[in-house]
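A, B, ... follow the sequence lines: proteins, then strands. Residue 1 opens every chain.
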Amino acid sequence: MRIVFMGTPRVAALSLQRLLNSPHAVAGVVTQPDRPAGRGQKPAPSPVRAVAEKHGVAVLAPEKIRDPAFLDALTAWSPDVIVVVAYGRILPRQILELAPHGCLNVHYSLLPKYRGAAPVAWAVVNGEEKSGVTTMHLVEKMDAGPILLQRGIALTADETTASLQEKLAPLGADLLLETLAGIAAGTVTPKTQDEAAATYAPMIKKEDGVIDWSLPAAAIERRVRGFAPWPTAYTHFDGALLKIHRARVVESEKAPPGEVVRADRSGLWVAAGAGALALEEVQLENRKRVSSAEFLNGSRIEKGARLGPG
RNA sequence: CGCGGGGUGGAGCAGUCUGGUAGCUCGCAAGGCUCAUAACCUUGAGGUCCCGGGUUCAAAUCCCGGCCCCGCAA
């Protein structure tokens, strides 16, 4: 089939890569414009753009999705189907109805659960035992379109958003090709979503990473994994930002939430609302991430210290 | 030129403002102690203080240039 691909981040780039290696014809690619990124704020191309250019595929990166010149160009590519993977914008009806087969979307959850911008992170934060990928037709309501195919995967006990994404990206790429084949052969049947079972996974904000020490240790530990690699679960020590990259739930004597109950060679433990968290890998602002043992060697943190704002 | 912090024995850090014998915690080696230990005691090895210039009687420390790492931001 003749395909136009719309996507932006790394996970999407993998799907594009797989399409380019398939017999399908990728007529063009649409991605977000180069944005200032990294230190120095130099505009950097999106991962999808990088892959497209490497393969010499035409790329459009409109600032405004409704820009008439862009819509004309998109129409001129005359796709049979538009494949959308984490493009990063809500598409107007005009684009949804542009191709004969409409817009095919790869979503990284088992819909109707976790509709929205951050399905992977919230699945980890909520301690889900399984997640997966779904292909569906895009409709105007966010992630509410009829489901085409779905494939599940079990989460491991130490799953992070980063690790889960690594697993879901290739799964999604596989499912995408399978779905395209099914559409071409007429063997997939769209299935309406069960609205009553829908849940939402809103975009993660920087502030979501702030650790609330009054939560149960198990909940904090899940947030440590769910917010890796971004925004990272973090707190403050002595006025400085302290990121928690890895932690473990432990049993401990009662202490006010946020209080350091252990800071010696047996570990760095912090009291939570229920239980305590053994910090295993941390990172002080401006410094590298280090094991708690290394952190203890260089810092003067002691039992009784308080972590958190103020 | 987006803002800011940093590069000091194998690791993590202090010392730099107010130049003048290189320090802390840990690791490592040897010996000791203990039924035993991520235990403890003693001794020891190990450093071009990122690189290159400059100022000075003297530079980890002050000045100029460069390389690398990191936090914020996106």
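If you measure from atom CZ of A/Arg35 to atom C1' of B/rA73, you get 15 Å, rounded to the nearest angstrom. Rounded to a whole Å, the CG atom of A/Asp238 is 16 Å from the C1' atom of B/rG71. The distance between atom CZ of A/Phe295 and atom C1' of B/rG12, rounded to the nearest whole Å, is 10 Å. One atom, CD of A/Glu207, and another, P of B/rC72, lie 13 Å apart when rounded to the nearest Å. Per the geometry, OH belonging to A/Tyr234 stands 17 Å off C1' belonging to B/rC70, to the nearest Å. Going from atom CG of A/Asn297 over to atom C1' of B/rC28 covers 14 Å, rounded to whole Å. Distance, A/Glu285 CD to B/rA73 P: 11 Å, rounded to whole Å. Counting to the nearest Å, the P atom of B/rG71 and the CZ atom of A/Arg289 are 9 Å from each other.
The partner of B/rA29, taking Watson-Crick or G-U wobble pairs whose two distances both stay under 3.5 Å, is B/rU43. Nucleotide B/rC49: unpaired (no Watson-Crick or G-U wobble partner with both distances less than 3.5 Å). Figure legend. B/rC35 is base-paired to no nucleotide; pairs are counted as Watson-Crick or G-U wobble with both atom distances under 3.5 Å. Here B/rG2 sits opposite B/rC72 as a Watson-Crick or G-U wobble pair (both hydrogen-bonding atom distances under 3.5 Å).
Projected onto RNA chain B by closest heavy-atom contact, A/Gly40 and A/Arg300 fall at different nucleotides, the more 5' of which corresponds to A/Gly40. Projected onto RNA chain B by closest heavy-atom contact, A/Ser266 and A/Ser299 fall at different nucleotides, the more 5' of which corresponds to A/Ser299.
Judged by distance alone with a 3.5 Å cut-off, a donor-acceptor contact links the side chain of A/Asn286 to the base of B/rG4.
For A/Arg39 and B/rG71, the shortest distance from a side-chain N or O to OP1 or OP2 is below 4.0 Å. At B/rG5, none of the side-chain N or O atoms of A/Arg287 fall inside 4.0 Å of OP1 or OP2 (strictly under the cut-off). A close approach under 4.0 Å does not occur between any side-chain nitrogen or oxygen of A/Gln41 and OP1 or OP2 of B/rA73. Distances shorter than 4.0 Å separate none of the side-chain N or O atoms of A/Lys288 from OP1 or OP2 on B/rG5. One finds a side-chain N or O of A/Lys206 lying less than 4.0 angstrom from the OP1 or OP2 phosphate oxygen of B/rA73. Using a 4.0 Å cut-off, some side-chain N or O of A/Arg265 falls inside it from OP1 or OP2 of B/rA39.
A donor-acceptor contact closer than 3.5 angstrom links the side chains of A/Thr134 and A/Gln150. The closest side-chain donor-acceptor pair between A/Gln193 and A/Arg115 falls under 3.5 angstrom.
Comparing the same atom, C1', in B/rG6 and in B/rU16 gives a spacing of 13 Å after rounding to whole Å. Here, B/rU55 and B/rC64 have their C1' atoms 11 Å apart, quoted to the whole Å. Only the P atoms considered, B/rG20 is 15 Å distant from B/rC63, to the nearest whole Å. Between B/rU37 and B/rG23, the distance separating the two P atoms is 33 Å to the nearest Å. Nucleotides B/rC13 and B/rU21, compared at atom P, are 25 Å apart to the nearest Å. A gap of 26 Å separates the P atoms of B/rU8 and B/rC3, to the nearest Å. Comparing B/rC51 with B/rG47, their P atoms are spaced 14 Å from each other, to the whole Å. Taking the C1' atom of each, B/rU48 and B/rG44 are spaced 23 Å apart, rounded to whole Å.
Nearest heavy-atom pair, A/Lys303 versus A/Ala263, reported as atom, atom and distance to 0.1 Å: N-CB, 3.8 Å. Heavy-atom minimum distance, A/Tyr114 versus A/Glu128: OH-OE2, 2.6 Å.
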*Take A/Lys288 and A/Glu281 through the test salt bridge (Lys or Arg N to Asp or Glu O under 4.0 Å) and record every step on the way to the result.*
CA-CA 10 Å; A/Lys288 293 180 188 172; A/Glu281 194 177 20; over 6 Å; no
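Cation-pi geometry between A/Lys206 and A/Tyr234 is met: under 6.0 angstrom from the ring centre, within 45 degrees of the axis.
Residues A/Arg18 and A/Asp174 meet the side-chain proximity criterion, which asks for heavy atoms closer than 4.5 Å.
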